[in-house]
Amino acid sequence: MTRVLAIGKYKEADAQALREEFDAVAIPTPAASATLDDTVRNRIEGVALMGHRPFGADELALLPKLRALSIYGVGFDAVDIAAARARGITVTNTPGVLSDDVADTAIGLWIAVARNFEEGTHLVRSADWAHRPPRLGFTITGRRTGIVGLGRIGREIANRLTGFRSEIHYLARSPKDTPGWTFHADILSLAHAVDDLFIATVGGAETRGMVGADVLAALGPGYVINIARGTVIDEAALIAALDNGPIRGAGLDVFQAEPHVDPCLARHPKVYPLPHIASATVETRARMGALQRSNLRALLAGDPPLTPVT
Ligand code: NAP
């Protein structure tokens, strides 16, 4: 009988791999463990988790034998790590393999929003181009950019920004070894120093609402790009700063209550929204699935995991 649950909406290749290797039983959400037969539920030792639905102490309590929780993705803000640790459950994620695609998406959003790509596309597709000239955008090359979180993804964003001759500033919990990028310990100091802000920090309680009205006012007439977590931005403050100034535009791959998006934000003419697809390429998703399964395989065999959440 199976020892593994596959939780979330996997694409068929990953779902099949989890079935074939682990005989995994598929359920849609962590809370859906409650619908399993007790004999199945009480044997589960490993979980392959995909998605952002909460996996807290209540959901963990449904799986008394759980010892391995392998996340598909880097962010672990949906999992109560302290509760898992208290139960002796090892949690892993899939860092690094997606950093390039996520950084590429950040740069794509930046260009798209500063150069009015969505409006331009609409002009061509609707044939309005014959009647209305396109609006002018703003030059992105040479701008001063700030990166909130210079981890794996933030560093890849910065590497790409050097190609745009950007003066790079960053915020992290500690200064990093960089080729001359400026460290800020305080988000207001960072916002004052730059034109545009890229958000690449972790989600969760520590960063909730970190980019609020004061930060947006300090930033001034620039762009906010978020590929991290929607919770890092105070969305009401962002809408106000887009409506009344000073923010020129926002490129957003993530939202506070996704997949439900505040319609003011979703339809805002200064926002270029994407449905959390920064890592969604065939190549990266294959690497994420393989790393998730490698971690689960190692943990179930009693071996050290490849990429534990520390
Ligand atoms: P990472 O390497 O762990 O980097 C996280 C960065 O955030 C580090 O620089 C860290 O600073 C900083 N940080 C952590 N806590 C902070 C705090 N309280 N205040 C300020 N900065 C803080 O993670 P990553 O691989 O780059 O991923 C970053 C995040 O991107 C993930 O957590 C995930 O939520 C998100 N993500 C989104 C997508 C998507 O599809 N849109 C895909 C993958 C990941 P220190 O280095 O000083 O500790």
Side-chain angles (χ1 to χ4, degrees), residues 1-19 21-95 98 202-208 228-232 254-261 275-277 279-280 285 288-300 305-310:
M1 194 185 275
T2 185
R3 296 188 294 157
V4 171
L5 289 181
I7 302 181
K9 293 181 184 160
Y10 286 92
K11 298 273 190 234
E12 185 44 34
D14 285 316
Q16 187 181 342
L18 287 164
R19 274 196 309 272
E21 181 171 356
F22 301 103
D23 192 21
V25 168
I27 58 172
T29 65
S33 305
T35 64
L36 295 171
D37 190 276
D38 282 357
T39 52
V40 175
R41 202 167 47 76
N42 291 333
R43 288 177 57 103
I44 297 299
E45 293 177 53
V47 160
L49 178 67
M50 180 189 208
H52 308 284
R53 302 291 279 273
F55 205 142
D58 290 349
E59 290 77 17
L60 290 169
L62 292 167
L63 304 170
K65 284 225 174 111
L66 187 66
R67 57 191 177 90
L69 176 47
S70 179
I71 299 173
Y72 179 101
V74 177
F76 46 83
D77 43 307
V79 175
D80 186 336
I81 299 292
R85 281 211 182 104
R87 280 266 316 270
I89 298 165
T90 304
V91 182
T92 62
N93 61 353
T94 61
L98 42 62
V202 299
E206 278 179 41
T207 58
R208 184 175 295 276
R229 284 289 182 266
T231 49
V232 182
V254 287
F255 299 87
Q256 254 170 38
E258 60 184 60
H260 308 290
V261 181
H276 203 146
I277 57 164
S279 71
R285 290 296 169 89
M288 289 166 66
L291 183 51
Q292 179 185 46
R293 293 190 293 279
S294 296
N295 275 314
L296 193 53
R297 190 180 308 127
L299 287 172
L300 292 175
L306 284 79
T307 49
V309 168
T310 51

| said: With heavy-atom distances below 4.5 Å as the criterion, would you say the side chains of Leu63 and Val47 are in contact? | reply: yes
| query | Can you find a heavy atom in the side chain of Ile44 that is under 4.5 Å from one in the side chain of Val4? | reply | no
| Interatomic distance, Ile27 atom CD1 to Leu5 atom CG [nearest 0.5 angstrom] | 4.5 Å
| query | Do the non-hydrogen side-chain atoms of Pro28 and Ile7 ever get within less than 4.5 Å of each other? | reply | no
| Within the distance-only criterion (no hydrogens, no angle test), does the side chain of Glu59 pair as donor or acceptor with the backbone N or O of Gly56 below 3.5 angstrom? | yes
| Taking all atoms of both residues into account, what is the closest heavy-atom pair of Thr2 and Phe22, and its distance? | OG1-O, 3.6 Å
| Tell me, do Val91 and Ile81 make a side-chain contact under 4.5 Å, heavy atoms counted? | yes
| Between Ala228 and Val254, which heavy-atom pair has the shortest distance, and what is it? | O-CG1, 3.6 Å
| Which distance, rounded to the nearest 0.5 Å, do you find between the OG of Ser294 and the CG of Leu306? | 5.5 Å
| field | Contacts of Phe55 that satisfy ring-ring contact (aromatic ring centres under 6.0 Å, His included) - sequence neighbours left out | value | none
| said: Could you check whether any side-chain N or O of Arg19 sits under 3.5 Å from a backbone N or O of Val25, counting only pairs where one atom can act as donor and the other as acceptor? | reply: no
| Would Thr92 and Ser70 count as having a side-chain donor-acceptor pair, cut-off 3.5 Å? | yes
| task | With rounding to the nearest 0.5 Å, note down the distance linking CD1 in Ile71 to CD in Gln292. | result | 9.0 Å
| request: Look at Arg229 together with Glu258 and state whether they make a salt bridge at an N to O cut-off of under 4.0 Å. | output: no
| field | Closest non-hydrogen atom pair between Asn93 and Gly73, with its separation | value | CB-O, 3.1 Å
| query | If you count the non-hydrogen atoms of other residues, nucleotides and ligands that lie under 6.0 Å from CD in Glu206, is the total more than 12? | reply | no
| Where do Leu60 and Ile89 land on the side-chain contact (heavy atoms from CB on, under 4.5 Å) test, with the steps shown first? | CA-CA 9 Å; Leu60 290 169; Ile89 298 165; 3.8 Å; yes
| Straight-line distance of Lys9 NZ to Arg53 CZ, nearest 0.5 Å | 7.5 Å
| Residues Asp77 and Thr231: side-chain donor-acceptor under 3.5 angstrom | no
| said: I'd like to know if Asp14 and Arg293 make a salt bridge, using a cut-off of under 4.0 Å between side-chain N and carboxylate O. | reply: yes
| message | Quick check: closest heavy atoms across Leu62 and Ala34, and the distance to 0.1 Å? | response | CD1-N, 3.9 Å
| task | Using a strict cut-off of less than 4.0 Å between a Lys/Arg side-chain nitrogen and an Asp/Glu carboxylate oxygen, indicate whether Arg67 and Glu45 qualify as a salt bridge. | result | yes
| task | Show your reasoning for whether side-chain contact (heavy atoms from CB on, under 4.5 Å) applies to Arg297 and Glu21. | result | CA-CA 9 Å; Arg297 190 180 308 127; Glu21 181 171 356; 2.4 Å; yes
| Leu296 to Ala68 - nearest heavy-atom pair and separation | CD1-CB, 4.1 Å
| query | Just how far is it from atom CG of Leu18 to atom CE of Met50, taken to the nearest 0.5 Å? | reply | 10.0 Å
| task | Verify, without hydrogens or angle tests, whether Thr307 (side chain) and Thr94 (backbone) share a donor-acceptor contact under 3.5 angstrom. | result | no
| request: Report the relative orientation of the aromatic rings in His52 and His276; use parallel for angles under 30°, tilted for 30 to 60°, perpendicular for over 60°. | output: parallel
| request: Please determine, by modelled atom types, if Ser279 and Arg285 share a side-chain donor-acceptor pair under 3.5 angstrom. | output: yes
| query | What heavy-atom pair brings Leu300 and Arg3 nearest, and what distance separates the two atoms? | reply | CB-NH2, 4.1 Å
| field | All pairs passing side chain to side chain donor-acceptor pair (under 3.5 Å) where residues 22-32 contributes a residue, at least two apart | value | none
